[in-house]
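Lettering of chains follows the sequences in order, A, B, ..., and the numbering in each one begins at 1. We use all heavy atoms of the structure for the numbers below, so side chains are in, but hydrogens, waters and symmetry mates are not.
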Amino acid sequence: MLDVAFIRENADLVKEGMKNKGEPDSSVVDRVIEKDEEWRSVVTELDNLRAESNKKAKKIGQLMGQGKKEEAQKLIKETGDNKEKIKELEDKLSGLEKERSDLLYQIPNVPDKSVPVGHSEEDNEVYLTWGETSEEEWRKPHWEIAEKKGWIDFERGSKVTGAGFPFYVGAMARLQRALINFFLNEASEKGYTELQAPYFVNEDSARGTGQIPDKEDMMYTIPRDGFFAIPTAEVPVTNFHRDEIFSMEDLPVYYSAYTPCWRREAGSYGKDVRGLNRLHQFDKVELVKIVHPDSSDEELESLREYAESLLKKLELPYRTLLMCTGDMGFTQTKKYDLEVWSPGQHRWLEVSSCSNFGSFQARRMQLRYKNEKGKTEILHTLNGSGLALPRIVASILETYQTEDGDVLVPDVLQPYMNSEKM
RNA sequence: GGAGAGGUGGCUGAGUGGUCGAAAGCGCUCCCCUGCUAAGGGAGUAUACCCCUAACGGGGUAUCGAGGGUUCGAAUCCCUCCCUCUCCGCCA
């Protein structure tokens with residue numbers, strides 16, 4: 001969420017950001033300012049009343065200590081009416097607080113100046129393209145290859161769990177494991193600390209990274225225990241340091257984590273869901289950065305370059321999109337999507353999305369640092385996939401298939417697979 | 001799952017109704033002294049919010065696991081929840 005003080009001082013900027021993100025009705029900005037005004041006046045009133053009764057209570061204590069019981073009794077009688085008023089104001093205040101934060105949660109992060117203004121994916125900017133995309137007729141989509149080889153078992157996955165929960169069999173399971181190891185090893189060489197994170201999180205954590213209240217429906221829930229199955233490792237990893245205060249020399253902090261991810265993907269039916277394109281459970285290595293506010297711009301670029309380097313090493317043609325304001329999401333200030341070429345489907349598949357959240361997430365979870373002057377300030381957070389497996393697997397199958405029906409193993413994965421061929 | 005103990009500031013730890021935001025020690029920061037080092041002396045050292053101030057700064061409120069309650073007054077009493085530790089049970 002944004003800082004109320006920031007909204008107060010930059011109302012127009014915030015409204016413009018909302019409009020550019022596709023929300024023409026920005027009246028919530030004015031309402032939050034109003035609510036905050038009201039909240040502050042109640043706080044002042046309440047604080048004064050409390051100060052008064054604290055003073056009296058102290059006095060009573062003193063009198064009691066001196067054995068002046070009667071005087072004390074007299075004072076006690078006087079304090080009665082304050083008490084009710086305080087209680088009343090306390091209730092009013094917590095009501096206002098709730099209303100204010102409900103409004104605050106509806107205001108999206110402000111896009112960075114460098115982000116192109118637009119309202120749909122058509123307005124995204126192709127930032128760069130790498131590699132030669134092949135278009136040969138003979139190339140099959142990955143699901144055909146996988147089916148012929150018996151590598152992915154969608155049917156049994158449906159039987160055991162449901163649609164979107166496939167089994168990976170034999171060489172395919174090995175390939176997944178190879179990719180995970182490759183990604184994690186690369187990340188740790190680049191200074192990312194590897195984390196193994198919980199796969200379930202509580203409500204506070206889901207709120208911290210912004211899944212709640214915005215994207216509640218994407219998550220699977222474990223109602224009995226109040227848990228959510230993580231839709232991405234971003235959630236547990238970013239929350240790792242929730243409510244903590246860093247000192248400057250601890251920054252920046254880089255984490256990598258492999259986890260399965262669960263997404264309900266409610267309402268997404270149609271041709272996009274074929275094969276590995278969209279699953280309810282998939283594997284991903286996620287990268288999270290916690291950085292000084294001044295450096296988050298550069299950190300986003302290096303995060304993007306790192307994710308791109310993985311695709312280069314796998315020799316998979318890709319392109320990088322700079323997402324426009326309308327297609328970038330509620331919590332980001334700036335976002336790049338990496339899309340790998342799928343030669344069997346003749347289309348691009350999103351395999352990574354690298355985002356800068358500015359202070360938006362960090363404020364929600366009170367992630368702070370002490371600056372040179374010893375003042376605490378909110379940090380910036382970023383994350384990016386490095387990378388998401390299923391579509392990489394799809395692209396590998398389609399890119400590395402041979403005309404006679406085999407699939408070769410990308411050079412960098414051969415040590416992990418002990419083989420040149422799947 | 002059963003029984004018990006406990007959760008206090010960066011850490012250790014005192015505090016069982018009144019001037020306690022909290023003793024003491026450690027750590028850390030700054031200063032002084034000591035010709036280096038060691039030792040010593042002094043000051044400071046939580047977070048959030050509100051108000052005043054151009055700013056330096058000042059005033060106030062809240063927070064002793066969380067939430068609620070009793071009371072003029074709660075770290076201290078009561079209730080609920082969470083977490084940690086010990087023992088037992090179960091178990092990869």
Side-chain angles (χ1 to χ4, degrees), chain A residues 1-9 32-105 196 198-208 212 222-228 236 239-251 253 260 359-379:
Chain A
M1 64 178 164
L2 292 173
D3 183 13
V4 195
F6 176 85
I7 295 174
R8 216 187 298 145
E9 285 153 32
V32 88
I33 292 172
E34 248 169 65
K35 209 40 92 175
D36 181 56
E37 208 83 40
E38 203 180 331
W39 176 86
R40 282 186 297 156
S41 83
V42 173
V43 162
T44 307
E45 194 180 343
L46 179 60
D47 281 359
N48 289 341
L49 275 179
R50 278 172 170 164
E52 209 178 295
S53 43
N54 281 351
K55 232 180 257 169
K56 279 186 186 155
K58 235 172 220 182
K59 190 77 197 272
I60 293 168
Q62 275 168 6
L63 292 171
M64 299 287 258
Q66 294 160 8
K68 299 179 182 166
K69 283 225 164 126
E70 278 165 38
E71 282 184 54
Q73 281 304 329
K74 234 166 59 190
L75 256 185
I76 289 174
K77 277 194 196 124
E78 283 177 29
T79 49
D81 30 322
N82 251 6
K83 233 187 136 185
E84 261 174 55
K85 235 188 262 169
I86 286 175
K87 183 90 183 86
E88 213 174 281
L89 283 179
E90 275 172 348
D91 291 345
K92 191 170 172 193
L93 189 71
S94 65
L96 284 171
E97 225 160 61
K98 170 101 185 12
E99 289 173 51
R100 187 182 64 165
S101 67
D102 284 350
L103 293 172
L104 220 41
Y105 277 133
Q196 274 207 340
Y199 297 164
F200 301 153
V201 294
N202 59 28
E203 195 181 321
D204 286 344
S205 299
R207 195 173 294 280
I212 300 177
I222 293 98
R224 187 167 170 180
D225 299 286
F227 295 151
F228 297 88
N239 275 283
F240 186 57
H241 290 293
R242 171 149 49 91
D243 291 324
E244 290 182 21
I245 300 175
F246 288 80
S247 50
M248 295 268 282
E249 58 269 24
D250 295 332
L251 300 171
V253 177
S359 60
F360 201 80
Q361 286 183 330
R363 181 167 303 105
R364 243 184 243 205
M365 62 180 108
Q366 289 297 298
L367 248 182
R368 291 159 296 168
Y369 74 103
K370 263 198 203 310
N371 69 14
E372 307 83 349
K373 291 178 183 162
K375 267 199 77 172
T376 51
E377 289 182 339
I378 307 282
L379 286 161

Filtered N/O pairs between nucleotides 18-21 of chain B and protein, under 3.5 Å:
{"unit_1": "B/rG18", "atom_1": "N2", "unit_2": "A/Ala57", "atom_2": "O", "d": "3.0"}

What protein N or O atoms touch nucleotides 8-11 of chain B N or O atoms at under 3.5 angstrom, if any, and at what distances?
none

Show each protein N/O and nucleotides 43-52 of chain B N/O combination with a separation under 3.5 Å, one pair to a line.
{"unit_1": "B/rU47", "atom_1": "OP1", "unit_2": "A/Lys370", "atom_2": "NZ", "d": "2.2"}
{"unit_1": "B/rU47", "atom_1": "O3'", "unit_2": "A/Arg368", "atom_2": "NH1", "d": "3.0"}
{"unit_1": "B/rA48", "atom_1": "OP1", "unit_2": "A/Arg368", "atom_2": "NH1", "d": "3.3"}
{"unit_1": "B/rA48", "atom_1": "OP1", "unit_2": "A/Thr376", "atom_2": "OG1", "d": "2.6"}
{"unit_1": "B/rC50", "atom_1": "O2'", "unit_2": "A/Thr44", "atom_2": "OG1", "d": "2.7"}
{"unit_1": "B/rC51", "atom_1": "OP1", "unit_2": "A/Arg40", "atom_2": "NH1", "d": "3.4"}

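A salt bridge links A/Glu90 to A/Arg50: one of the charged nitrogens lies within less than 4.0 Å of a carboxylate oxygen.
Base-pair partner of B/rC56: not found among the strands shown (Watson-Crick or G-U wobble, both distances under 3.5 Å). Pair check for B/rC81 finds B/rG65; Watson-Crick or G-U wobble, both atom distances under 3.5 Å. Of all nucleotides present, none satisfies the Watson-Crick or G-U wobble test against B/rA22 with each distance under 3.5 Å. When both distances must be under 3.5 Å, the Watson-Crick or G-U wobble mate of B/rG44 is B/rC28. Across every strand in view, B/rU70 sits unpaired, with no contact that passes the Watson-Crick or G-U test at under 3.5 angstrom. Of all nucleotides present, none satisfies the Watson-Crick or G-U wobble test against B/rU16 with each distance under 3.5 Å. Under the Watson-Crick or G-U wobble criterion, with both distances below 3.5 Å, B/rU86 is paired with B/rA3. Searching all strands for a Watson-Crick or G-U wobble partner of B/rG35 with both distances below 3.5 Å returns nothing.
Judged as a salt bridge (charged side-chain N to carboxylate O under 4.0 Å, His left out), not a single pair has a partner in residues 56-76 of chain A (not counting sequence neighbours).
Straight-line distance between the C1' atoms of B/rG67 and B/rA74: roughly 15 Å, to the nearest whole Å. If you take atom P in B/rU16 and the same atom in B/rG6, they sit 14 Å apart, rounded to whole Å. For the C1' atoms, the distance from B/rA54 to B/rU63 is 32 Å, rounded to whole Å. B/rC87 and B/rC49 have their P atoms separated by 44 Å, given to the nearest Å. Comparing B/rG18 with B/rG59, their P atoms are spaced 26 Å from each other, to the whole Å. B/rG10 and B/rG2 are spaced 35 Å apart, taking the P atom of each and rounding to whole Å. Taking atom P on both nucleotides, B/rC78 is separated from B/rU84 by 24 Å, rounded to a whole Å. Separating the C1' atom of B/rA39 from that of B/rC32 is a span of 14 Å, rounded to the nearest Å.
Within the 4.0 angstrom heavy-atom criterion, no nucleotide atom of any strand lies near A/Lys375.
Within the model, atoms CG of A/Leu63 and CD of A/Gln73 stand 10.5 Å from one another, a figure rounded to the nearest 0.5 Å. Annotation: the span from A/Arg8 atom CZ to A/Leu2 atom CG amounts to 13.0 Å, rounded to 0.5 Å. Note that CD of A/Glu34 is 14.0 Å distant from CZ of A/Arg100, once rounded to the nearest 0.5 Å.
For the pair A/Glu84 CD and B/rU71 P, the interatomic distance rounds to 12 Å; values are reported in whole Å. Here the P atom of nucleotide B/rC83 and the CZ atom of A/Arg242 are 14 Å apart, to the nearest Å. Between A/Asp204 atom CG and B/rG67 atom P the separation is 12 Å, expressed in whole Å. Atom CD in A/Gln73 sits about 13 Å away from atom C1' in B/rG73, given to the nearest Å. Remark: P of B/rC72 and CG of A/Leu75 are 13 Å apart, rounded to the nearest angstrom. Whole-Å rounding puts the A/Glu249 CD to B/rU29 P distance at 10 Å.
For the ring pair (Phe, Tyr, Trp, His ring centres under 6.0 Å) test, residues two or more places apart in sequence or in another chain that qualify with A/Phe246 are A/His241. Residues forming a ring pair (Phe, Tyr, Trp, His ring centres under 6.0 Å) with A/Phe227 (at least two apart in sequence, or on another chain): none. Residues satisfying the side chain to side chain contact (heavy atoms under 4.5 Å, CB included) test with A/Ser53, not counting sequence neighbours, are A/Asn82, A/Ile86. Residues forming a side chain to side chain contact (heavy atoms under 4.5 Å, CB included) with A/Ser247 (at least two apart in sequence, or on another chain): A/Glu249, A/Asp250. By the side-chain hydrogen bond (donor to acceptor under 3.5 Å, both in side chains) test, A/Glu99 pairs with A/Lys35, sequence neighbours left out. Residues passing the salt bridge (charged side-chain N to carboxylate O under 4.0 Å, His left out) test with A/Asp102 are A/Lys98, sequence neighbours excluded.
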Check residues 362-370 of chain A and write down every donor-acceptor pair under 3.5 Å in which the side-chain atom is one partner and the other belongs to a residue at least two apart or another chain.
{"unit_1": "A/Arg363", "atom_1": "NH1", "unit_2": "A/Met1", "atom_2": "O", "d": "2.8"}
{"unit_1": "A/Arg363", "atom_1": "NH1", "unit_2": "A/Ser359", "atom_2": "OG", "d": "3.4"}
{"unit_1": "A/Arg363", "atom_1": "NH2", "unit_2": "A/Ser359", "atom_2": "OG", "d": "3.0"}
{"unit_1": "A/Arg364", "atom_1": "NH1", "unit_2": "A/Arg207", "atom_2": "O", "d": "3.3"}
{"unit_1": "A/Arg364", "atom_1": "NH1", "unit_2": "A/Ile212", "atom_2": "O", "d": "3.3"}
{"unit_1": "A/Gln366", "atom_1": "NE2", "unit_2": "A/Arg363", "atom_2": "O", "d": "3.0"}
{"unit_1": "A/Arg368", "atom_1": "NE", "unit_2": "A/Gln366", "atom_2": "O", "d": "3.4"}
{"unit_1": "A/Tyr369", "atom_1": "OH", "unit_2": "A/His292", "atom_2": "NE2", "d": "3.2"}
{"unit_1": "A/Tyr369", "atom_1": "OH", "unit_2": "A/Glu377", "atom_2": "OE1", "d": "2.5"}

Expected list for residues 37-44 of chain A: side-chain donor-acceptor pairs under 3.5 angstrom, two or more places apart:
{"unit_1": "A/Glu37", "atom_1": "OE2", "unit_2": "A/Arg40", "atom_2": "NH2", "d": "3.3"}
{"unit_1": "A/Trp39", "atom_1": "NE1", "unit_2": "A/Glu97", "atom_2": "OE2", "d": "3.2"}
{"unit_1": "A/Arg40", "atom_1": "NE", "unit_2": "A/Asp36", "atom_2": "OD2", "d": "3.3"}
{"unit_1": "A/Ser41", "atom_1": "OG", "unit_2": "A/Glu38", "atom_2": "O", "d": "3.1"}
{"unit_1": "A/Thr44", "atom_1": "OG1", "unit_2": "A/Arg40", "atom_2": "O", "d": "2.9"}

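Phosphate contact (OP1/OP2 of B/rU61, side-chain N/O of A/Asn54, threshold under 4.0 Å): present. Of the side-chain N and O atoms in A/Lys83, one or more sit less than 4.0 angstrom from OP1 or OP2 of B/rG73.
The minimum heavy-atom distance linking A/Pro198 with A/Pro236 is given by the pair O-CG, 3.6 Å.
Toward the 5' end of RNA chain B, the nearer of the two residues A/Arg50 and A/Lys87, judged by each one's closest nucleotide, is A/Arg50.
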